[in-house]
Each structure stands twice: as structure tokens, then as C-alpha cells.
Number of protein chains: 2
Amino acid sequence: MTGDGPVTRIQKRNHAAILDAALDVFSRQGFAGATLDAIAAQAGLSKPNLLYYFASKEAIYTGLLTRLLADWLAPLRALDPHGDPVDEILGYMRRKLDMSRRLPRESRLFAGEILSGAPRFLDRIEGELRDLVLEKAALIDDWSRGGRLAPLDGRHLIFSIWATTQHYADFDVQVRGVLRPESDEHWIQARDFLDALYRGALTPAR
Amino acid sequence: MTGDGPVTRIQKRNHAAILDAALDVFSRQGFAGATLDAIAAQAGLSKPNLLYYFASKEAIYTGLLTRLLADWLAPLRALDPHGDPVDEILGYMRRKLDMSRRLPRESRLFAGEILSGAPRFLDRIEGELRDLVLEKAALIDDWSRGGRLAPLDGRHLIFSIWATTQHYADFDVQVRGVLRPESDEHWIQARDFLDALYRGALTPAR
DNA sequence: CGTCGATCTGACCAGGCGGTCAAACATTTT
DNA sequence: AAAATGTTTGACCGCCTGGTCAGATCGACG
């Protein structure tokens, strides 16, 4: 294994299979609770073979985090300075909620990492994540000061959108345990609720 | 050890020391990542001595969850049907935010358990937690229908208050990583932000 | 086909884990 | 003081874990 990432056809296939299996296992069990045997079994490989592709459990985990971070931040990055403020923020909320629905494993992976103190992720939180949040928060604060949004702290507004949308992925068992949805109707309810919540709070000049 | 809880003076002291140490370790490392050695060290006891007081790691963990659940639900239980709707809900939000600030270990303990699928807690989520949420959500829905609150789904409103307030405990390292607060001023900002958010969204008749 | 590197595996290891136990030590009771 | 009960410990065990390694197998290519 060179450090240049997958090259051959087999490498590409197994590399991807391992990362997908690892996402499954790490997101359910956390870093400490996950075992290489479980990841290998889920990927359909033997444990030594898995270690032929990744140097260590640690390497799989950090590989996952790195690979997923960009996708994870994409919705916020798409917040458009030239759009209508309320529409932009509601749109961002919807994209995040949609990500929670479609990519709950990724959401739980990040949640578990941060919950346990982000020992392997703190540098990127304080780096690109921080930069992006502060940039977009400044944009929101501009909108607020211009009277195009109710006066709300942009940084905490972003936090609240993370919290409310990721809640439906991270705390899925609790949401389902309380609501007992027959299929997925609670996602529609969540969308409508959050739409009303943020529309009511963001709309200025009442 | 009988099953009747601490009796002697020494038992009371060590029992409490163990639970406090366990809260520390479990909330930082999760169930799988925590070790009996770490808990014993934190409690100032030897591992066998720790197991003299609790039958197993599992027993300490579930003992903790049970002991803390009532306290955890107290703020919601205090939601008063006879109070002013907006004030009641804002008051509830403040109590929850205050709990996140004062009891972050407890918040992270529950978060970790639910995040990993609540394998040892699901029955109580579907039991007393569900009952309480549905009761208070019905109250909120009554207020909404009576025009005393903006029309919002009570169950999802409760979820959103959990999400936004517990976020500051569960994702503390991320919040601090982004905001870099010099002391604890971000808790004040959070209170003001959430106050404005929910006041704006809840206030009816615009 | 044959060769050579890429891929894969069974057997194995050292360390850490939850948990046990007999015996030592403390404390209370008689 | 002695007996009885409650508390603590060092030594230990079996199991699982992450990781290694020598060698077997596979697959692309001349």
C-alpha cells in the first residue's frame, strides 16, 4: 500500500467497501465499541486483509472523517449572499434536515466524535469548520443589521439549525420511541415544524 | 451487598463516589470506551473493591441512568398548564439550558446512550419519557388551538428545545472550538438567542 | 504458459479487559 | 477481648482486541 490512495480496480472496490462498512459500525458503536472483526465481516473481508488496505483502526476512522467532512459542510457552504435571507436560511435548514434523513450514519459518526471530546477531529473543528461558520455567521449578521432578518446571532442560529436537524438522525431511536411513526411521516412533520419555527423567528419587522 | 441500596456509612460514601466517578468516565468515554480501572481510579478505590459495591460494569451504568432519569425530566414535568403559554415554554427552555450548563456530564451520558441506539434505555424512552412528552405536547397543542401560541406541533417543539439546549452540553467542544469564548459568555449569548428564537416563533396573532 | 507483483489467509501474539477469589484487614457487636 | 460482620486487596483467569507474519493464492501481462 502506497500513500496515494486506491489505484487498481480491486483496491478501489475494497477501499470503498471498507469505508462503507466502517461507517456502519463506527456510527453504531462509536470508535471504542467498534471492532476490526465487525468491520471486516461487514465489508466481506478477513481482518488481516482489511489491515492490508488500512494501517490501523485509527487510520480507517480518521480516513472516514476526512472523506466525509467536505460533504458534511456543503449545505452551509451553499448559503448564498445574494439570495433572499429568509429563503436562504430556510433552504439551508431543509438541506440539513434532508442530510439527516439520507445520511444518518454520517451524522451519528460526527456526533459521536464530538460528544467524546473530538480527540481526533479538534483541529478541523478549529480550522475549516470554524472558518466556514464564522464567514456565514457574518453574512447572517449583515442581513440582520440590514433589517432583512430579525436580529439574531448568526453563530447561534447556525448552531440551532445543526442541533434541530441533526437531532432527527442522532436521536432517531428516541424520536421513534416517542412518536411511534408508522412509516416516515415524522420527517414531514419535522420539516413543517422547523419551517414554521424559523420562518416565525426570522421574519423581520412585525 | 444486598439489593437494598447503601446501608452503612462506608457504603453510602463509596456508593456515591463510584456513581460520581462513573458519571465522569462514562460521559467522556461512552459505555464501551470506559474501563472499570478508570472508574475505580477516579473513585479512589481498587477495581475489586468497586465490584464489591456493584455487580458489574453494566450494573453501574444502568444504575446511573436510572438514578438520573427523574432529575433529567423534571424541567418538562414542571411545565404548568395554568401559566402563560409563551412564558411557560420559554421558562422550560431556560431550565433546560441551565441544566446543560450545570450538568453537562449527565447530558452527554444520555446523549451517548441514545446515539448508540439506547440498548439499555429503550424501555424507559418508550415508557415514562414517552408518556411525559405526549402529555406535555397535548398541553402545548391545546394552547396552540386556543390561539395562545402560534400553531406548532407540540411534540416537535419539545424535541427542538431538547436539541437546541442540550447541544451546548453535548457538542461543547465544537461550540468552544468555533466561538473560542474567553470565559462562559457564550451561555449568555445562547440564552438570549434561544429566547429570541422561541419568542419570535411562539408569539401568536401577527 | 509462466512469472511476478498484488491480494488474501490461518495461525499466532501481547496486552488489556471484565470479573473472581481467598485471604487480609477494619469495624462493630457481644 | 473475642467473635462476627463488613471492607479491601493482590494475584489471578479466560476472553477478546488490535495487530503481525509467513506463506498461499490470484491476476495481469510478456
Side-chain angles (χ1 to χ4, degrees), chain A residues 1-65 112-113 116 119-120, chain B residues 1-65 112-113 116 119-120:
Chain A
M1 283 297 294
T2 69
D4 307 322
V7 197
T8 74
R9 174 178 51 90
I10 296 179
Q11 272 174 34
K12 283 199 180 75
R13 167 170 47 87
N14 286 345
H15 215 86
I18 291 170
L19 285 179
D20 191 68
L23 178 54
D24 243 63
V25 176
F26 280 132
S27 69
R28 269 188 290 110
Q29 320 274 3
F31 181 80
T35 68
L36 290 181
D37 286 293
I39 297 173
Q42 177 82 11
L45 301 173
S46 68
K47 183 171 65 170
N49 198 16
L50 190 155
L51 288 164
Y52 171 73
Y53 289 99
F54 287 86
S56 65
K57 181 182 178 182
E58 188 91 24
I60 304 177
Y61 187 77
T62 55
L64 253 188
L65 287 181
E113 172 64 13
S116 63
R120 304 171 179 85
Chain B
M1 284 295 293
T2 70
D4 306 321
V7 199
T8 72
R9 174 179 50 91
I10 297 178
Q11 273 175 32
K12 282 200 181 76
R13 166 170 47 85
N14 286 345
H15 214 86
I18 291 170
L19 285 179
D20 191 68
L23 177 56
D24 242 64
V25 176
F26 280 132
S27 69
R28 269 190 289 111
Q29 320 274 2
F31 181 81
T35 68
L36 290 181
D37 285 293
I39 297 172
Q42 178 81 13
L45 300 174
S46 67
K47 183 170 64 168
N49 199 14
L50 190 155
L51 288 164
Y52 171 74
Y53 290 98
F54 286 87
S56 65
K57 181 182 178 181
E58 188 91 23
I60 304 178
Y61 187 76
T62 56
L64 253 188
L65 287 180
E113 172 65 13
S116 64
R120 305 159 231 274

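Heavy-atom basis, side chains included; hydrogens, waters and symmetry copies ignored. In the text below, chain A, chain B and the rest are named by the order of the sequence lines, each starting its count at 1.
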Grab the CG-C1' distance between B:L50 and C:dG19 for me, whole Å please.
11 Å

Heavy-atom closest contact (A:I60 atom, A:L50 atom, distance)
CD1-CD2, 3.3 Å

Closest heavy-atom pair and its distance - A:Q42, A:A21:
CG-CB, 3.4 Å

To the nearest angstrom, how far is A:Q11 atom CD from D:dG27 atom C1'?
13 Å

Starting at the 5' end of DNA chain C and moving along, which residue's nearest nucleotide shows up first, B:A32 or B:I10?
B:A32

Closest heavy-atom pair and its distance - A:R120, A:E58:
NE-OE2, 2.8 Å

Could you please name the option among D:dT7, C:dG18, C:dC8 that lies closest to any side-chain atom of B:K47?
C:dG18

Rounded off to whole Å, could you give me the OH-to-C1' distance for the B:Y53 and D:dT9 pair?
13 Å

B:H15 NE2 to D:dT7 C1', straight-line distance once rounded to whole Å
15 Å

The side chain of A:S46 is closest to which nucleotide in this list: C:dT9, C:dG18, D:dT7?
C:dT9

Could you pick out which residue, B:E58 or A:T8, lies toward the 5' side of DNA chain C when each is mapped onto its nearest nucleotide?
A:T8

Considering just the side-chain nitrogens and oxygens of B:N49, establish if one lies under 4.0 Å of OP1 or OP2 belonging to D:dT7.
no

Can you check the A:R13 CZ to C:dC8 P distance for me, whole Å?
6 Å

Closest contact, heavy atoms only, A:Y53 versus A:H15
O-CE1, 4.3 Å

Name the nucleic acid region contacted by A:A34, choosing base, sugar-phosphate or nothing; use a 4.0 angstrom heavy-atom cut-off, strictly under.
sugar-phosphate

Please work out if B:L51 contacts a base, only the sugar-phosphate, or nothing of the nucleic acid, heavy-atom cut-off 4.0 Å.
base

It should be established whether A:Y52 places a side-chain nitrogen or oxygen under 4.0 Å from OP1 or OP2 of nucleotide C:dT7.
yes

Report the distance from atom CG of A:L45 to atom P of D:dC26, rounded to the nearest whole Å.
16 Å

Regarding the side chain of A:P48, the nearest nucleotide among D:dT20, D:dT17, D:dT8 is D:dT20

If you compare every side-chain N and O of A:T35 against the phosphate oxygens of D:dC16 (OP1, OP2), does one of them come in below 4.0 Å?
no

Residues A:S27 and A:D24: closest non-hydrogen pair is OG-O, 3.1 Å

If the cut-off is 4.0 Å, is B:N14 near the phosphate of D:dT8, judged by side-chain N/O to OP1 or OP2?
yes

For atom CZ of B:F31 and atom C1' of C:dC17, their distance in whole Å:
12 Å

Between C1' of D:dC26 and CZ of A:R9, the distance in whole Å
11 Å

